[in-house]
Amino acid sequence: MTEAAVPPATSEGAGSPALVLLHAFPLDGRMWKPQVEALSSHHQVVVPDLRGFGSARDQVVEVAEMDLLADDVARLLDELGLDQVVLCGLSMGGYVSFAFARRHPGRLRGLVLAATKASADDEQAAAARLAMADRVLAEGIGFVPDAMLPQLLGTSTRRLRPTLVEKVTKLIIEQEPAAVAAAQRGMARRPDVTAELAAISVPALVLCGTEDERFGPEVGRGLAAAIPDATFVQIPEAGHLLNLEQPAQVNEALLDFVAPLWI
Ligand code: MLT
């Protein structure tokens with residue numbers, strides 16, 4: 001396996017516990033801007049770019065395994081001198097968070113799982129990921145926004161908020177094809193972690209958008225039910241990228257969750 005490396009990251013604010021925000025696919029840490037702005041006056045907020053994405057383009061690998069990305073995050077915490085943090089992952093960031101909870105449980109003070117799921121891909125979904133990996137390497141990133149946007153943004157956002165649709169499109173277009181391919185290969189291989197959820201021993205917050213067609217309320221409720229100390233919060237009029245679609249509600253839920261967890 002590739003050796004873990006410290007990912008490039010921003011760190012804003014001070015205040016315990018530190019919150020580490022892991023981005024979705026195929027975006028980068030800039031998707032967390034509304035959370036950094038609102039939360040960094042209360043907590044240290046750390047936002048890495050995962051392998052190949054954003055400012056981590058020179059760290060791209062062939063297959064971005066979730067375990068490798070989790071170990072990268074642990075290296076970042078070492079570098080920043082952070083023993084324990086609240087880790088928040090959205091979708092692919094959530095898959096990385098599951099791997100982190102398994103490999104580095106002592107580093108967690110709390111866990112936020114947003115728009116994510118514990119199950120692995122079935123054969124068809126894994127094959128579709130590998131096909132996208134091949135296509136993006138052959139054709140470039142241009143087709144990816146159209147392929148992804150209906151899954152990323154809820155119907156309300158797509159109908160009423162063209163500026164946000166444009167912003168997310170721009171974020172996708174700026175990513176490297178090799179990063180998209182590597183992440184798709186890594187996600188296609190990720191394990192089913194359902195059996196590991198009962199072992200999560202820190203408080204957890206499970207967030208989901210009511211308009212998320214793939215990771216909606218049913219998935220979120222199931223995830224929360226399987227984790228011993230979990231709170232489930234639904235975000236209305238949000239799809240998959242709930243932190244961008246309804247930042248005020250997500251910020252409030254994060255602050256309410258994180259504040260009592262001071263170290
Ligand atoms: C994401 O938002 O990170 C993706 O939807 C994850 C996935 O493709 O499973």
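Both ligands and their constituent atoms are indexed starting at 1 by order of listing. No hydrogens, no waters, no symmetry mates; every other heavy atom, side chains included, goes into these values.
- Two different hydrophobic clusters hold Val60 and Tyr95 under the rule that ILVMFWY side chains link at heavy-atom gaps under 4.5 Å.
- In this structure, of Arg129, Lys117, Met92, the residue bringing a heavy atom nearest to atom 8 (O) of ligand 1 is Arg129.
- If you number the atoms of ligand 1 from 1 as listed, the ones under 4.0 Å from a heavy atom of Ala24 come out as 1 (C), 2 (O), 3 (O).
- Listed by number with element, the atoms of ligand 1 under 4.0 angstrom from any heavy atom of Ser91 are 1 (C), 2 (O), 3 (O), 4 (C), 5 (O), 6 (C).
- Backbone and side-chain nitrogen or oxygen atoms of Arg214 are examined, and one is located within less than 3.5 angstrom of a nitrogen or oxygen of ligand 1.
- Residue contacts with ligand 1 for His240 involve side-chain atoms from C-beta outward but no N, CA, C or O (heavy atoms, distance under 4.0 Å).
- Using a 4.0 Å cut-off between charged side-chain N and carboxylate O, Glu174 and Lys170 make a salt bridge.
- Looking at ligand 1, you'll find an N or O of Phe25 within less than 3.5 Å of one of its N or O atoms.
- A salt bridge is defined here as a Lys NZ or Arg NE, NH1 or NH2 lying under 4.0 Å from an Asp or Glu carboxylate O, and Glu37 with Lys33 meets this definition.
- Taking the charged nitrogens against the carboxylate oxygens, Asp121 and Arg189 have no contact shorter than 4.0 Å, which rules out a salt bridge.
- We find that Asp78 and Arg107 are joined by a salt bridge, their nearest charged nitrogen and carboxylate oxygen being less than 4.0 Å apart.
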